[in-house]
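Written below as structure tokens is the structure these notes are about.
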Amino acid sequence: MDVKEEDWLQLSGLQHFAYCKRQWALIMVENQWAENLRTVEGHMMHERAHDKALREKRGDVIILRGLNVHSRALGVCGMCDVVEFHRHQGGILLDGEDGLWMPVPIEYKKGKPKSHDADRLQLCCEAMCLEDMLLCPPIATGYLYYGETARREAVPLADELRQMVIQSVLEMHQMLTRQHTPKVKANKGCNACSLKEICLPFLTKHQSATKYIASHLQETQEE
């Protein structure tokens, strides 16, 4: 992808896009946002994970928090919650450290493991950014840490998942260029979405929440 740096996508948006394309478009295309308990709790969890003052070294593992990453190849940028560098003979050099090291991304999530791929796609994209930045060999495994289970879930970063990242990011770039907000069919996940009252998923004939709200205000003024 040949994308100017000022047009890079937010890496965290991939999770929104994979969960609901309309949710992502409302945020990125229409600049809509709303908080609920779930989003606030998620922010609090990530603030702790992003404490850049916390740099640890435990034997053959170096732990960095809130690491800024990007990929010119994908046209994305963002921040990893935690990146562990494991001593590995096939790894890369790190400034101020002896030996070779391989990065392993760990993404923190408030809830519990999910059946869909949204969290795994975000984690895989983080790994691809690290590979692009550090020119390191492919990262075989990343981890998702879920607050409800208080444990890590290993995620194999296989070719199939990487291709899903590439296709999703390409579609995101295209949708943002077109300024397109897709329709959506209401489902049980809509009730937990902080944008439910903005999205109005039951009004599927209205592609744009912004246009719907504007037309509704105009009708009100005319009455």
Side-chain angles (χ1 to χ4, degrees), residues 1-3 5 8-15 18 42-114 117-147 149-170 172:
M1 302 178 197
D2 184 14
V3 182
E5 191 168 333
W8 284 358
L9 300 169
Q10 284 296 313
L11 191 157
S12 59
L14 182 58
Q15 192 267 349
H43 293 328
M44 293 173 63
M45 184 175 188
H46 280 86
E47 283 178 6
R48 292 192 291 271
H50 289 172
D51 188 349
K52 295 184 179 182
L54 296 176
R55 183 185 188 279
E56 304 175 58
K57 187 173 183 180
R58 303 176 185 174
D60 289 336
V61 178
I62 298 170
I63 305 170
L64 301 182
R65 303 174 188 275
L67 182 64
N68 292 316
V69 297
H70 67 266
S71 169
R72 294 188 179 277
L74 295 173
V76 301
C77 61
M79 181 181 292
C80 293
D81 289 340
V82 175
V83 178
E84 294 181 351
F85 287 86
H86 294 221
R87 192 183 295 274
H88 191 282
Q89 62 182 4
I92 58 171
L93 294 170
L94 291 180
D95 288 343
E97 300 290 344
D98 295 327
L100 300 176
W101 305 81
M102 273 296 293
V104 178
I106 296 98
E107 175 67 19
Y108 279 60
K109 297 296 180 185
K110 181 188 70 67
K112 57 186 178 181
K114 305 172 182 67
D117 288 321
D119 294 345
R120 290 182 280 276
L121 286 170
Q122 181 182 348
L123 179 69
C124 186
C125 191
E126 291 176 5
M128 295 168 74
C129 287
L130 289 166
E131 293 164 3
D132 197 355
M133 285 176 53
L134 303 175
L135 301 179
C136 67
I139 301 168
T141 305
Y143 293 88
L144 291 168
Y145 177 91
Y146 287 100
T149 59
R151 61 184 299 177
R152 291 182 179 184
E153 176 186 284
V155 179
L157 305 177
D159 288 343
E160 182 180 359
L161 192 62
R162 290 169 181 268
Q163 286 302 314
M164 290 173 64
V165 169
I166 293 170
Q167 292 300 318
S168 295
V169 169
L170 178 60
M172 290 161 69

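Position 1 is the first residue of the sequence; numbering continues from there.
Put simply, CG on Leu94 and SG on Cys136 are 10.0 Å apart, with the number rounded to the nearest 0.5 Å. Atoms CZ and SG, from Arg120 and Cys125 in turn, are 15.5 Å apart once rounded to the nearest 0.5 Å. With rounding to the nearest 0.5 Å, the separation of CG in Asp159 from CD1 in Ile166 is 9.0 Å. Glu126 CD to Ser71 OG: the interatomic distance, rounded to the nearest 0.5 Å, is 12.5 Å. Taking CD of Gln122 as the reference point, atom CG of Asp81 lies at 7.5 Å (rounded to 0.5 Å). Here the CG atom belonging to Leu157 is positioned 6.0 Å from the OG1 atom belonging to Thr141, to the nearest 0.5 angstrom.
Contacts of Arg87 classified as side-chain hydrogen bond (donor to acceptor under 3.5 Å, both in side chains), with partners at least two apart in sequence or in another chain: Asp60. Evaluation of the side-chain contact (heavy atoms from CB on, under 4.5 Å) rule for Asp119 yields Gln15, Lys109, Lys114, Leu144, Tyr146 as partners, not counting sequence neighbours. Judged as a side-chain contact (heavy atoms from CB on, under 4.5 Å), and not counting sequence neighbours, the contacts of Ile63 are Glu56, Arg58, Val61, Arg65, Val82, Glu84. Glu131 meets the side-chain hydrogen bond (donor to acceptor under 3.5 Å, both in side chains) test with Arg162; sequence neighbours excluded. Qualifying side-chain contact (heavy atoms from CB on, under 4.5 Å) partners for Gln10, counting only residues two or more places apart in sequence or in other chains: Ser12, Cys77. In this structure, the side-chain contact (heavy atoms from CB on, under 4.5 Å) partners of Glu5, at least two apart in sequence or on a different chain, are Trp8, Arg72.
Leu123 and Gly142 make their closest contact through CD2-C, 3.6 Å (heavy atoms, listed as atom of the first residue, atom of the second, distance). The shortest non-hydrogen separation linking Ala127 to Pro105 is CB-CG, 4.0 Å. Scanning both residues, Gly90 and Pro137, for their nearest heavy atoms gives O-CG, 3.2 Å. Closest heavy-atom contact between Asp132 and Ala73: OD2-N, 3.2 Å. Residue Val169 comes nearest to Val76 through the heavy atom pair CG1-CG1, 3.9 Å, listed as atom of the first residue, atom of the second, then distance. When all heavy atoms are compared, the tightest approach of Leu161 to Pro156 is CD2-O, 3.9 Å.
In this structure the side chain of His70 never reaches within 4.5 angstrom of the side chain of Asn68, judged on heavy atoms. Side chains of Pro113 and Thr149 form a contact here, defined as non-hydrogen atoms less than 4.5 Å apart. Put simply, the side chain of Met102 reaches to within 4.5 Å of the side chain of Ile139, judged on heavy atoms.
Within the structure, ring-ring contact (aromatic ring centres under 6.0 Å, His included) contacts touching residues 74-95 (residues at least two apart or in different chains) do not occur. Under the salt bridge (charged side-chain N to carboxylate O under 4.0 Å, His left out) criterion, the residue pairs touching residues 89-103 are Arg55-Glu97, Lys57-Glu97, with sequence neighbours excluded.
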Go through Leu130 and Val83 one step at a time and tell me if the side chain to side chain contact (heavy atoms under 4.5 Å, CB included) criterion holds.
CA-CA 9 Å; Leu130 289 166; Val83 178; 4.2 Å; yes
Derivation and outcome, side chain to side chain contact (heavy atoms under 4.5 Å, CB included), residues Val165 and Leu14:
CA-CA 8 Å; Val165 169; Leu14 182 58; 4.2 Å; yes
